K.L.:
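Sharing a structure with you now.
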Amino acid sequence: MKFKRIFLLILDSLGVGEAIDANNYGDNGANTLKHIIDNYDIFIPNLKKLGFIDTINMNDNNDVDAYYTIARPTNVGKDSLTSHYELLGIRSTTPFKTFTEKAFPRELLEQIEKVTGKRVIGNKVVNGDTIINELGERHLSYGSLIIYTSSDSTLQVAAHEDIIPIPKLYSYCEKIRKITLSDEWRIARVIARPFNGKPGKFKFTADRRDYAIKPPQKSVMDYLKDNEYSVISIGKISDIFDGQGITKIVKSSFNNMDTLNKLTDIMNKKFTGLCVANLSDFDALYGHNRDTEGYAKAIEEFDVEVPMILNKLENDDLLIITADHGNDPTFSGNAHTRENVPVIVFSRRFKEPKKMDMLNSMADVAATISENFNVEKTEIGTSFLNKLK
């Protein structure tokens, strides 16, 4: 075992340039990080010192404190599930269904109304904040479920907690999850979105819950758990993997700062194994909303926290910072973009960190983790552990 603890930090949607197959997704020219930098005078000295900006053009830079490179996506689709699957070593060859043209068909909505006993309103492809403020007052009057989707393979169910208590909303979503597991629908995630407030000031609460499809294969987390290593998830990781392969679930409010606070708390604990955390604000608040300035400021806010994270690492710890896909805020629409992702690898023990060769799969991250802990290798991925010196 080279490293006793590995921390995998996923910057949700922070891609660094179009993937080889971007044309298949209509994403030619996408580059989330570059286009943010082009449009905003971003100040991120700590990430820059880790080679983060160099991943855009894969520049050679020996004056860095970390190994840096990019990883190519190979799983089919650009949904959060397929991307996280790949990072943790699961092959996915069948994309989940999206409903971005006309939202959900009548047949599915009728099934939802039947199993929940509630009328459905909404059924739009829209941002969540928009639809609860558009239909929230109507929901208060009639108690209907607000149904909507995003560019991802999601079916989101919003309800005011005073009208439909949160446990009841969860139970409705569990019933809807069972319906949407069929091949006919094959929706990746059903998401419960409780909100509160008054007309004109409705706001989602921190009690969001994702109901995902169970992973089709074992991930590196499963192999670590099988060998009695700790596997700690922070944020939406446990939801994405339906709790599979995880020994400790740390809840967060799906907020970058809360997740980072939970991460630094865990870094103070003694354990041997893996900790995976997802910073979802980049994607949910800024990428999908095409808010370039907000995205830039969120990166700057993260940069301020980087020194504290590095200082909490012990000599036998490894930190991997990466992303799951792109979400270029300068692109039209509100969908994810098919992009390569940055891979930043830091340890206090590194003698001459530098640029690494490009990784042919995001699953190389999982393969590296597997080799470090000497557990069964995941189906996909090639380890780069021997390159870390």
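In what follows, residues are counted from 1 in the order of the sequence shown. Predicted, not measured: the structure shown is a model, and the values here were computed from it.
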K.L.:
Taking salt bridge (Lys or Arg N to Asp or Glu O under 4.0 Å) as the criterion, tell me which of D12, D242, D324, D281 meets it with K236.
P.N.:
D12
K.L.:
Decide whether L8 and I90 are clustered together by the hydrophobic rule: side chain heavy atoms of Ile, Leu, Val, Met, Phe, Trp, Tyr closer than 4.5 Å, transitively.
P.N.:
yes
K.L.:
Verify whether one side chain among R72 and N360 offers a donor that lies under 3.5 Å from an acceptor in the other.
P.N.:
yes
K.L.:
Between D27 and K78, does any side-chain N to carboxylate O distance fall below 4.0 Å?
P.N.:
yes
K.L.:
Using 0.5 Å steps for rounding, measure from the CZ atom of F3 to the CG atom of L318.
P.N.:
4.5 Å
K.L.:
Is the gap between the ring centers of H35 and Y40 under 6.0 Å?
P.N.:
no
K.L.:
Between the side chains of T154 and Y148, does any donor sit under 3.5 Å from an acceptor?
P.N.:
no
K.L.:
Check for me, please, whether I164 and I131 land in the same ILVMFWY cluster - side-chain distances under 4.5 Å, paths through other members count.
P.N.:
yes
K.L.:
May I ask you to say whether D239 pairs ionically with R209, meaning some side-chain N is under 4.0 Å from a carboxylate O?
P.N.:
no
K.L.:
Tell me whether the rings of W185 and F99 are parallel (<30°), tilted (30 to 60°) or perpendicular (>60°).
P.N.:
tilted
K.L.:
Determine whether a donor-acceptor pair (N or O, by modelled atom type, separation under 3.5 Å) exists between the side chain of D303 and the backbone of E300.
P.N.:
no
K.L.:
Going only through I, L, V, M, F, W and Y residues with side-chain contacts under 4.5 Å, is there a path from I42 to L285?
P.N.:
yes
K.L.:
Between Y85 and F241, is the gap from one ring center to the other below 6.0 Å?
P.N.:
yes
K.L.:
If you count every heavy atom of other residues, nucleotides or ligands that lies below 6.0 Å from N374 atom CG, does the total exceed 12?
P.N.:
no
K.L.:
Mind checking whether R290 and N327 have side chains closer than 4.5 Å, heavy atoms only?
P.N.:
yes
K.L.:
Does either side chain, that of D283 or that of H336, offer a donor lying less than 3.5 Å from an acceptor on the other one?
P.N.:
yes
K.L.:
Taking atom CZ as the centre, does R349 end up with more than 12 heavy-atom neighbours from other residues, nucleotides or ligands that are less than 6.0 angstrom away?
P.N.:
yes
K.L.:
Grouping I, L, V, M, F, W and Y whenever their side-chain heavy atoms are under 4.5 Å apart, do L33 and L279 come out in a common cluster?
P.N.:
yes
K.L.:
Under a 3.5 Å threshold, yes or no: a donor from one side chain and an acceptor from the other, between N61 and K355?
P.N.:
no
K.L.:
Flag the pair F282 / Y295 as yes when their ring centroid distance falls below 6.0 Å, and as no otherwise.
P.N.:
yes
K.L.:
For a quick check under 3.5 Å, do H84 and N278 share a side-chain donor-acceptor pair by atom type?
P.N.:
yes
K.L.:
Using a distance-only test with no angle check, is there a side-chain donor-acceptor pair under 3.5 angstrom linking E339 and T337?
P.N.:
yes
K.L.:
Among side-chain atoms of T205 and E161, is any donor-acceptor pair under 3.5 angstrom?
P.N.:
no
K.L.:
May I have the step-by-step check of side chain to side chain donor-acceptor pair (under 3.5 Å) for T330 and D328, ending in yes or no?
P.N.:
CA-CA 5 Å; T330 68; D328 192 330; 2.6 Å; yes
K.L.:
Are K114 and E110 ion-paired here, with the side-chain N under 4.0 Å from a carboxylate O?
P.N.:
no
K.L.:
Could you state whether M362 and Y25 fall into the same hydrophobic cluster, counting links through intermediate Ile, Leu, Val, Met, Phe, Trp or Tyr residues with side-chain heavy atoms under 4.5 angstrom apart?
P.N.:
no
K.L.:
Any ion pair linking D63 and K49 (charged N to carboxylate O, less than 4.0 Å)?
P.N.:
yes
K.L.:
When you check the side-chain N and O atoms of T74 and E86, is any donor under 3.5 Å from an acceptor?
P.N.:
yes
K.L.:
Are the charged groups of E293 and K297 less than 4.0 angstrom apart, N to O?
P.N.:
yes
